[in-house]
Amino acid sequence: QKEVEQDPGPLSVPEGAIVSLNCTYSNSAFQYFMWYRQYSRKGPELLMYTYSSGNKEDGRFTAQVDKSSKYISLFIRDSQPSDSATYLCAMRRAGGTSYGKLTFGQGTILTVHP
Amino acid sequence: DGGITQSPKYLFRKEGQNVTLSCEQNLNHDAMYWYRQDPGQGLRLIYYSQIVNDFQKGDIAEGYSVSREKKESFPLTVTSAQKNPTAFYLCASSTTVRSYEQYFGPGTRLTVT
């Protein structure tokens with residue numbers, strides 16, 4: 001079983017829809033939670049970052065972490081065609097030999113059509 | 001512009017040949033990483049380096065080798081011992097290995113036939 005599971009989709013939504021992307025994980029030691037966005041044939045770029053539990057909002061994007069359920073989410077409001085990309089969740093433990101080691105989900109392919 | 005460059009964008013090799021992928025950064029970052037991306041598997045860590053002349057194995061280091069002789073450069077060699085070398089390879093860097101934010105290059109797509 002993978003440490004981080006992410007539904008690969010693909011997910012197709014109309015412009016303006018609310019998108020929900022999710023990851024579950026099995027390792028309770030994960031403390032840092034990230035969402036990366038990757039456009040086709042490009043490298044990923046960091047979109048959102050959350051430490052431990054809670055919510056974080058940045059414009060149309062909201063990241064949620066529920067450590068009790070080992071579940072993280074990324075919500076995109078008023079989705080735009082420019083949001084079409086692969087979204088990857090990533091996690092890391094705190095400290096020690098965990099430095100440098102991000103564990104990624106499989107990525108969800110999102111298409112927002114006009 | 002500051003960033004990470006990877007070259008070439010596409011690389012083709014015959015089976016049994018070693019091949020070296022280039023990664024250069026001008027962000028003055030101490031830490032650098034190599035990942036492999038396959039369809040449906042996300043990114044998997046091959047090697048990372050905290051500082052010049054130091055590097056550590058990641059989760060899938062077998063069949064790969066790296067060097068870190070300069071702060072700016074972290075080349076990856078895919079050897080003939082790597083069973084399934086065809087993949088998209090991504091290089092990344094961060095200010096230090098403690099940083100959660102990693103900056104990625106554009107990637108190199110390697111095809112071995």
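Proteins get letters first, then strands, A, B, ... in listed order; numbering begins at 1 in each.
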Grab the two heavy atoms, one from A:Gln38 and one from B:Phe88, that are nearest each other, plus how far apart they are.
-> NE2-CE2, 3.9 Å

Would you call the rings of A:Phe104 and B:Phe104 parallel, tilted or perpendicular if under 30° counts as parallel and over 60° as perpendicular?
-> perpendicular

Interatomic spacing from OH in A:Tyr32 to CD in B:Glu101 - rounded to 0.5 Å | 13.5 Å

Could you go step by step and tell me if A:Leu46 and B:Tyr103 meet the side-chain contact (heavy atoms from CB on, under 4.5 Å) rule?
-> CA-CA 8 Å; A:Leu46 183 66; B:Tyr103 295 81; over 6 Å; no

Could you look at A:Tyr51 and say if it's the side chain, the backbone, both or neither that has a heavy atom under 4.5 Å from chain B?
-> neither

Is it the case that one hydrophobic cluster holds both A:Val4 and A:Tyr36, taking links as side-chain heavy atoms less than 4.5 Å apart, direct or via other members?
-> no

CZ (B:Arg98) with more than 12 external heavy atoms under 6.0 Å = no

Measure B:Tyr100 against the heavy atoms of chain A and call it side chain, backbone, both or neither at under 4.5 Å.
-> both

Is the count of non-hydrogen atoms from other residues, nucleotides or ligands lying under 6.0 Å from B:Lys71 atom NZ greater than 12?
-> yes

Can you name the nearest heavy-atom pair linking B:Gly42 to A:Leu88, along with the distance?
-> CA-CD2, 4.3 Å

Proximal to chain A - members of residues 14-23 of chain B, heavy-atom separation under 4.5 Å | none

Identify the two heavy atoms, one from A:Lys2 and one from B:Gln41, that lie closest to each other, and give their separation to 0.1 Å.
-> NZ-OE1, 4.4 Å

Which bit of B:Tyr47 comes within less than 4.5 Å of chain A, counting heavy atoms only: side chain, backbone, both or neither?
-> neither

With a 4.5 Å heavy-atom cut-off, do B:Gln102 and A:Met34 have their side chains touching?
-> no

Chain B contacts, top residue of A:Gly107, A:Pro44, A:Ala90 (heavy-atom pairs, under 4.5 Å) = A:Pro44

Top contributor to chain B interface from A:Cys89, A:Gly105, A:Gly43 [non-hydrogen pairs under 4.5 Å] | A:Gly43

Value for CZ (A:Arg41) from NZ (B:Lys9), rounded to nearest 0.5 Å, stands at 7.5 Å

Taking the side chain as C-beta and beyond, is there a heavy-atom pair between A:Gln106 and B:Asp38 under 4.5 Å?
-> no

Select one option (side chain, backbone, both, neither) describing which atoms of B:Ser99 are under 4.5 Å from chain A's heavy atoms.
-> backbone

Test item: A:Leu102 and B:Leu45 side chains (from C-beta on) under 4.5 Å apart, heavy atoms = no

